[in-house]
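These numbers come from the heavy atoms of this one structure, side chains and all, not from hydrogens, waters or symmetry mates. Lettering follows sequence order; numbering is per chain, from 1.
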Protein chains: 4
Amino acid sequence: MPEAVRTDDISPDEPARVGRPRDPRVDTAIAKATLELLVEDGYQATTIQAIARRAGVSAPSVYRRWSSKAELIEEAVFPSGLLAPEAITGDVITDLKPYCLQILEYLSDPAIRAAIPGLLVEYQNDHAMWQRGMERSVTPMRASFRDYIAKTGRDPVVDADQLFDVMLGALFTRALNEGAEGAEAFAHAVAKVITTTLDESKVGPS
Amino acid sequence: MPEAVRTDDISPDEPARVGRPRDPRVDTAIAKATLELLVEDGYQATTIQAIARRAGVSAPSVYRRWSSKAELIEEAVFPSGLLAPEAITGDVITDLKPYCLQILEYLSDPAIRAAIPGLLVEYQNDHAMWQRGMERSVTPMRASFRDYIAKTGRDPVVDADQLFDVMLGALFTRALNEGAEGAEAFAHAVAKVITTTLDESKVGPS
Amino acid sequence: MPEAVRTDDISPDEPARVGRPRDPRVDTAIAKATLELLVEDGYQATTIQAIARRAGVSAPSVYRRWSSKAELIEEAVFPSGLLAPEAITGDVITDLKPYCLQILEYLSDPAIRAAIPGLLVEYQNDHAMWQRGMERSVTPMRASFRDYIAKTGRDPVVDADQLFDVMLGALFTRALNEGAEGAEAFAHAVAKVITTTLDESKVGPS
Amino acid sequence: MPEAVRTDDISPDEPARVGRPRDPRVDTAIAKATLELLVEDGYQATTIQAIARRAGVSAPSVYRRWSSKAELIEEAVFPSGLLAPEAITGDVITDLKPYCLQILEYLSDPAIRAAIPGLLVEYQNDHAMWQRGMERSVTPMRASFRDYIAKTGRDPVVDADQLFDVMLGALFTRALNEGAEGAEAFAHAVAKVITTTLDESKVGPS
DNA sequence: CAATAACCGAGACGGTACGTCGAGTCTTATA
DNA sequence: TATAAGACTCGACGTACCGTCTCGGTTATTG
């Protein structure tokens, strides 16, 4: 049995070099069908068999690529890491509102709204997956927010991480329940609350 | 063949006066089994058949009482209206923190944490049910919060309803993700943020 | 506990004299519904629940009167003993054909045609019931046929009982499969076959 | 996504060329379990779930092959056409008795005895199935019997088809009720009756 | 150019949950 | 005390999705 010899440099996690390559059209068809079904019929009805059916693809072709429905949906809905927002770089008062609005609108995407509760259910049986998802999405956001607060030279009366949790939690719940309706006003309210709390803080010795 | 007409007094919403009455032990056994399964195995595994099995009850006995898994779980987890918190009646600074803590701890109940994402999924296919649930739980809370703010005589810089949404959204998300861990500190943070925003507001003409 | 005192003479197998008497309209409604359902929907669909439903009666009211679906149907379809044909009394050649026709038409009754295969299925699990049914219906017929043959003074080349089984089996199968269609011709054929066999027999010493 | 068109030779009635082929052991296990249950517990208790259970097979695997219990039992009990008797080819007197005996013994098979009343019940709701079954089993028998009578050169006093119905009806009823007990004697009786009727007939002009 | 290996669609596989229905039994209020 | 209504347990019904597997067949790389 000959070894699978690698003859040229390959990115280290390249899974296979011999055999028939995967048809990229299958990947896109699955992703497209997944998003469509999520939006049209909800998480419940977005079964793997239904996805395969709509994509014109066989069920094993789906399982070959993703080991579970949760992973498939996670990847289809958050293709390149959850949120990945641009860091806040400018003035605190003027920056926070567009930042909140950006998050709110992102989370209000119909596919994302449909996917999240379902993913939360799946996470109940797979804590590791939950952790992976959080570290991919929320953790970098939290870090960039913390850096931003530090750069303002303030010593907030409320810990920066918890302030972030208040902000994100409010936006998350709003997006889940109401979607993008009244996003502008709510983003303004959230930004105002956070800004007010920051203003209250004494400026540190910097 | 006797007549089925009843001429004497019956309480108006009396569901059944003839026939074998429902065994109340069946009701409690189902509710108990539902909560246990939710906590032990998560929402996914809390199937109606599994509930019936654990309750020592037949599946039709479950379907006789609830028309769907969502309704059953909703009623088992929120027996008499979601939350039903005590209204805030005292001083704003000292009251808000225990109020937040109360909400956070209530939502951190393992059965509730397990139930909520699943219910959100079901609500995708039954908007009326979502509305019913919200009106039973969140709406009265929002109203009592608004009244409380009004009684303080303040004219908040942020609309009272949206302030409430920020508060509840933050607590809701926290409870869902972290449960009761560090509840004390987070409740303090939320209360501080809300209080600060209220303090900023000018006192109205009373 | 006071005894149930009998104050007047009652036929000895009277089952109950105290308590609420049975409503005779229930009995007739059940019987009527049973026959209707048998003819309209077949044996399979003639469930006890369906009978109760159509009769406007509760299921226990049916079970109170009959211990099983088989007994109920047996009694509804064969109210006073199966067949109970008039004995053959006259001339062999002229009598046999109307006799066969009478049997064939009786078995061709839609309710009987529908009931018989179902009853045969039930008899598989209750041999005693089968025996009871046979003794109530076939046995007296066979006896009267045997007597009739004896009275003709013939010593048949085929045993009278088996000759009867040939005759009845042919008529029974015919009625089950074709019903009353072409009954006249088939009754003639059967009578002819039996008569010919009898004619072949030598006349005994009387 | 490769093309699914096949241009080269395929046997015309090949049912499936793609997909995992059926496990033939499943087929035989189902058939075996069906016959066993019929004999042991009767038609009533031979449910599809019980068959699947005994065969060590899932219920969907049964439904994949047969659309109803009736079809499954029909095929299990009459694998290749009902009866399929050898044609009568020799002398009328000597041939008829073994022919009758053969039919009687075939119908006395415990599985067949158990199956037939149940199938008759099912046929009440599916006349087409009854017709199919008759044409597969009785019709060819009747034809071969008619040919046989014609070959004897007789012009029977009773129509050949009705003579056949008398013969088969007698044997059928006997098998259903008594099974193989006393088969020898009854086959003799039936053969005698039919033979006598044929002897009575004038020999035709050949 | 042949061998090899991973891909492809189709569909069978064992399992399990679904929600409904019929079978009988049991409990209650009523007559 | 028998009745009628209806809840009760049990289990079969037929369907759907789960995730796996086994095919025949295709498309690349490798020797």
Next item on the list: State whether the side chain of Arg64(B) and the backbone N or O of Arg22(B) hold a donor-acceptor pair below 3.5 Å, judged by distance alone.
Entry: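 Pair absent, no side-chain N/O of Arg64(B) close to backbone of Arg22(B).
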message = Could you check whether any side-chain N or O of Gln124(A) sits under 3.5 Å from a backbone N or O of Ala114(B), counting only pairs where one atom can act as donor and the other as acceptor?
response =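 Yes; judged by distance alone, with no hydrogens or angles, the pair exists.
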For this session: Answer yes when Glu74(C) and Arg132(C) have at least one side-chain N-carboxylate O distance shorter than 4.0 Å, and no when they do not.
Result: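 Not counted as a salt bridge, because no side-chain N and carboxylate O are separated by less than 4.0 Å.
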Q.
Please give me every residue in residues 23-51 of chain D whose heavy atoms get under 4.0 Å of an atom in DNA chain F, ordered by residue number.
A.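 Here the set is Thr47(D), Ile48(D), Gln49(D).
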key: Sub-4.0 Å heavy-atom contacts from residues 54-69 of chain B onto DNA chain E, ordered by number   =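 Output list: Pro60(B), Tyr63(B).
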For Ala52(C) against Ser58(C), the heavy-atom pair lying closest together: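 Minimum heavy-atom contact is CB-C, 3.9 Å.
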State, with a plain yes or no, whether a side-chain heavy atom of Tyr43(C) is found less than 4.5 Å away from one of Ile73(C).
->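 Yes. Closest side-chain heavy atoms under 4.5 Å.
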Check: Considering only heavy atoms from C-beta outward, does the side chain of Ile30(B) approach that of Trp66(B) to under 4.5 Å?
Finding: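 They are in side-chain contact.
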Requested in this report: Apply side-chain hydrogen bond (donor to acceptor under 3.5 Å, both in side chains) to Thr28(D) and Arg25(D), showing your working.
Outcome: CA-CA 5 Å; Thr28(D) 57; Arg25(D) 286 172 306 172; over 6 Å; no
Exercise for review: For salt bridge (charged side-chain N to carboxylate O under 4.0 Å, His left out), just list the numbers for Asp27(B) and Arg65(B), CA-CA rounded to whole Å, side-chain angles, deciding distance to a tenth of an Å, and then say yes or no.
Suggested key: CA-CA 8 Å; Asp27(B) 296 68; Arg65(B) 289 165 167 79; 3.2 Å; yes
Side chain of Arg20(A) only, please: which of dT20(F), dC17(F), dC8(E) is the nearest?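 Out of dT20(F), dC17(F), dC8(E), the nucleotide with an atom closest to Arg20(A)'s side chain is dC8(E).
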- Side-chain N or O of Arg22(D) closer than 4.0 Å to phosphate OP1/OP2 of dC23(F):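 Result: no.
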Fill in: For atom CD of Glu122(B) and atom P of dC18(E), their distance in whole Å
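Distance, rounded to whole Å: 11 Å.
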- Message: Distance check needed: dG15(E) C1' versus Arg53(D) CZ, whole Å only.
- Response: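 Result: 14 Å.
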